[in-house]
K.L.:
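After the structure tokens below, expect a handful of questions from me.
Sequence lines set the chain letters: A, B, ... in the order given, protein chains first and strands last, and positions in each chain run from 1.
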Amino acid sequence: MTVTAGDLRGQVADFLATHDPKTLPRLEFLRARFDAGLAWVHFPGGLGGQDAPRALQAAVDAAFAEAGAPDNDPRRIGIGLGMAAPTILAFGTDEQRRRYLRPLWTGEEVWCQLFSEPGAGSDLAALATRAVRDGDDWVVTGQKVWTSSAHLAQWAILVTRTDPDVPKHQGMTYFLCDMTAPGVEVRPLRQITGEAEFNEVFLTEVRIPDTQRIGAVGEGWKVAQTTLMNERVAIGGVALPREGGMLGVLTKTWRERPELRTPELRDRLVRLWVEGESLRLAGDRLRQQLTAGAPGPEGSAMKVAFAELNQKLSGLELELLGEEGLRYDEWAMRRPEQVDFLGREAGYRYLRAKGNSIEGGTSEVLRNIISERVLGLPSEPRVDKDVAWKDLPR
Amino acid sequence: MSSPNLVYSDVEEDLRASVRSLLADRAGPAEVLGRTETADPYDRNLWHTLAADLGAAGLMVPEAHGGHGASARETAVVLEELGRSVAPVPFLGSAVLATSALLGTGDELLPRLASGELTGALAVPLSTAPGSPFPATVRADGTLTGEVRTVADASVAEVFVVPATSADGPGLYAVDAAETTVAEVVSLDLTRRIADVTFSGATARPIVRGAAAESAVDSALTTAAGLLASEQTGLTEWALTETVTYLKGRYQFGRPVGGFQSLKHRLATLYTELVGARAAARYAADALAGGYDVPIAVAVAQARVSPIAVHATEEAIQLHGGIGMTWEHPAHLYLKRAKSDELAFGTPGRHRARLADLVELPA
């Protein structure tokens, strides 16, 4: 029997009748919501859901929001919700699922992702962080980079090299790493903008019990693919209004500051308006396809297009501002919990947008993905396929 | 604003499959190319099958006026397929332009155009943009006198819907093709012909006058501009698909050319543009069908999709190498259509200027 949106609305109403969000402490409310199977309805029973269609989640969230219920701050815990949880669900043991998913969803335990390394970004499978078996533990040593929330996180999803003698995709193993364990050191990584949104994480003989391994030894690449697929689903998931985001910042300035206008800038602004609107519509279209159960392959293309558009818009904003564009709001190193793209000034936006075509898959890698997986063009010649990881040039 | 529906329905996909199958059988690249230099460049049999047997000509026409009571959305799907095959049929001139001009008038011609029994054309230059002043080159004085240049699909039209001005102001008239002189000009676009149409005291039947005539013409131009984006999406899709197929099979330097990253990235860029084009075109079709946000939707579609279709067909020529420059490869037919479409119903620059006013981005 399939759960319907109506069933779920009824369940939310019943839940709210016995759990008053105004009197119940926030955490207690969220734990009870999880236990009632109303956290992520597409998850299995006992793990926050009830095997309902994923598309029905939006209605549940809306019903709780309408009742003024506390939310689990999904932006701050985005990596846990979007990447760790689906991976633990797919590859974790029953014990691991029961241990980690509930505090992950309620936000009691924040997660980060220890994937990228200084020598392995786009070529993730080249990673060098070693994990060596020692009795019931693994001993992990290496360096990770670009880690959002590492300074706030209790747990990390971690991919390591466990066998350097086989080709790079085969010798990897996936773990859950306790960020408070001895040997874990988190250092802020200061960026082009001056702030430190990310971290470097140094792992020095960190002991991880084998019970925190996810998937089989040597199967880390397969597990990581599940994590990364879920990352791509999460990108571009939010519906924007017309003139939303960066375009809205620019049109507002244009309307309020007639002294800045020139015909040349106007033509460029309108071109970008058109691009922005068609990209917004493409996002709507992709979401409608998802809702209809026929997801299209447009996501990677939208990520590429969004990155370019945001860079062009933020560059145009500085030119429009002219003399004011020469100033910067502040270079002091800050550690924001999340990027305040629209809240900072134009110079910050211009610099931060440079990351849009690098983070979450570079535009170059995404164009390879589009051309190979969507258009079916031949893949790049691979020189590292049958070579043991330890023999690869680096 | 109502909630736009940007995905294709099952009914639309069925319609697409029928049209695609018909065009695959009867309008393959060799047939289309072969026809371009004959005395009969339009395929009237194909047009009859499409318009009458498949019912494509009457999709936008209400059942009360002899049509199928579908909408601009379904018509747009037909145009996508016609774009993919650059089939030489007067669909744009008859089923889109002439038919849209008459939709609000309930004129007696509507059922005959909708059934495909009669082929019509709207006597305006193909380059006329929505929002242009009412055409002033034809005078109505009992009969019609004047000339309209570069009318799309005019050489096969049996009836003209003609905007003309009399002492009483603007009016819309029906004129039998036998009453006119149609001089086909050499068109940039080999598969959609244009002609100069001359009226020398032509007998004309008044359809509507005054503001109703003005709005009929503007509505036809708006509908055609919005739906042309779907044809342009079809051109883009053809150019991308065909180029990908070619580059997979073409070997140079010991590898398929499609395996070189510089070319793969250009194709990925075209795909990215196609994603945006399709969304903008679908939005215009849905807006026209639902009667919401039409001016902005149409301006966005034309400003965005026209240059993308031109870019895609230009890339098809370049990436086919020398073959792309030959007459026997069909790529040139698509480039010619794409570039002509860019000029049709207002250039992208003109639509951007209009959009700037519509969304209040003042100079």
K.L.:
Is L263(B) in contact with chain A via its backbone, its side chain, both, or neither, using a 4.5 Å heavy-atom distance?
P.N.:
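For L263(B), there is no contact with chain A at all, as no heavy atom is under 4.5 Å.
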K.L.:
Examine the side chains of Q311(A) and S357(A) and answer whether a donor and an acceptor come within less than 3.5 Å of each other.
P.N.:
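Q311(A) vs S357(A): donor-acceptor pair found between side chains.
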K.L.:
Under a 3.5 Å cutoff, is there a donor and acceptor pairing between the side chains of N368(A) and E364(A)?
P.N.:
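On atom types as modelled, these side chains do not qualify, holding no pair under 3.5 Å.
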K.L.:
Please flag which part of R255(A) lies under 4.5 Å from any non-hydrogen atom of chain B: side chain, backbone, both or neither.
P.N.:
side chain
K.L.:
Heavy-atom distance under 4.5 Å to chain A: side chain of L355(B), backbone, both or neither?
P.N.:
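Only the side chain of L355(B) comes within 4.5 Å of chain A.
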K.L.:
Parallel, tilted or perpendicular for H320(B) and H329(B), by the 30°/60° rule?
P.N.:
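Rings of H320(B) and H329(B): tilted, 30 to 60°.
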K.L.:
Salt bridge check, E12(B) against R282(B): does any charged N sit closer than 4.0 Å to a carboxylate O?
P.N.:
yes
K.L.:
Any side-chain donor-acceptor pair under 3.5 Å between T236(B) and E273(B)?
P.N.:
no
K.L.:
With only heavy atoms counted, which part of L269(A) is less than 4.5 Å from chain B, the side chain, the backbone, both or neither?
P.N.:
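Interface part for L269(A): side chain.
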K.L.:
In terms of ring plane angle, is the pair Y283(B) and Y292(B) parallel, tilted or perpendicular, where the classes change at 30° and 60°?
P.N.:
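Perpendicular: the ring planes of Y283(B) and Y292(B) meet at over 60°.
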K.L.:
Looking at chain A, which one of V300(B), L247(B), L274(B) has the largest number of heavy-atom pairs inside 4.5 Å, strictly under?
P.N.:
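Option with the top pair count is V300(B).
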K.L.:
What part of L270(B) lies closer than 4.5 angstrom to a heavy atom of chain A: side chain, backbone, both or neither?
P.N.:
neither
K.L.:
Whether the E242(B) and T245(B) side chains hold a donor-acceptor pair (N or O, under 3.5 Å, no angle test) is what I'd like checked.
P.N.:
no
K.L.:
Pick one of side chain, backbone, both or neither for P258(A), based on which atoms fall under 4.5 Å of a heavy atom in chain B.
P.N.:
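Nothing of P258(A), per the 4.5 Å heavy-atom cut-off to chain B.
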K.L.:
Measuring heavy-atom distances to chain B, does L375(A) have an atom under 4.5 Å in its side chain, in its backbone, in both, or in neither?
P.N.:
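Both parts, backbone and side chain.
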K.L.:
When you check the side-chain N and O atoms of R278(B) and T233(B), is any donor under 3.5 Å from an acceptor?
P.N.:
no
K.L.:
Please rank T262(A), V304(A), D267(A) by heavy-atom pairs under 4.5 Å with chain B and give me the top one.
P.N.:
D267(A)
K.L.:
Top residue by heavy-atom pair count (under 4.5 Å) with chain A, among G349(B), P362(B), A363(B), A299(B)?
P.N.:
P362(B)
K.L.:
What part of E277(A) is in contact with chain B, defined as an atom under 4.5 angstrom from a non-hydrogen atom: side chain, backbone, both or neither?
P.N.:
side chain
K.L.:
With a 4.5 angstrom heavy-atom cut-off, could you sort out which part of V305(B) is near chain A: side chain, backbone, both or neither?
P.N.:
neither
K.L.:
Please look at E243(A) and chain B and tell me whether the side chain, the backbone, both or neither of the residue comes under 4.5 angstrom of a heavy atom of that chain.
P.N.:
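Side chain only.
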K.L.:
Answer yes when R20(B) and E80(B) have at least one side-chain N-carboxylate O distance shorter than 4.0 Å, and no when they do not.
P.N.:
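No.
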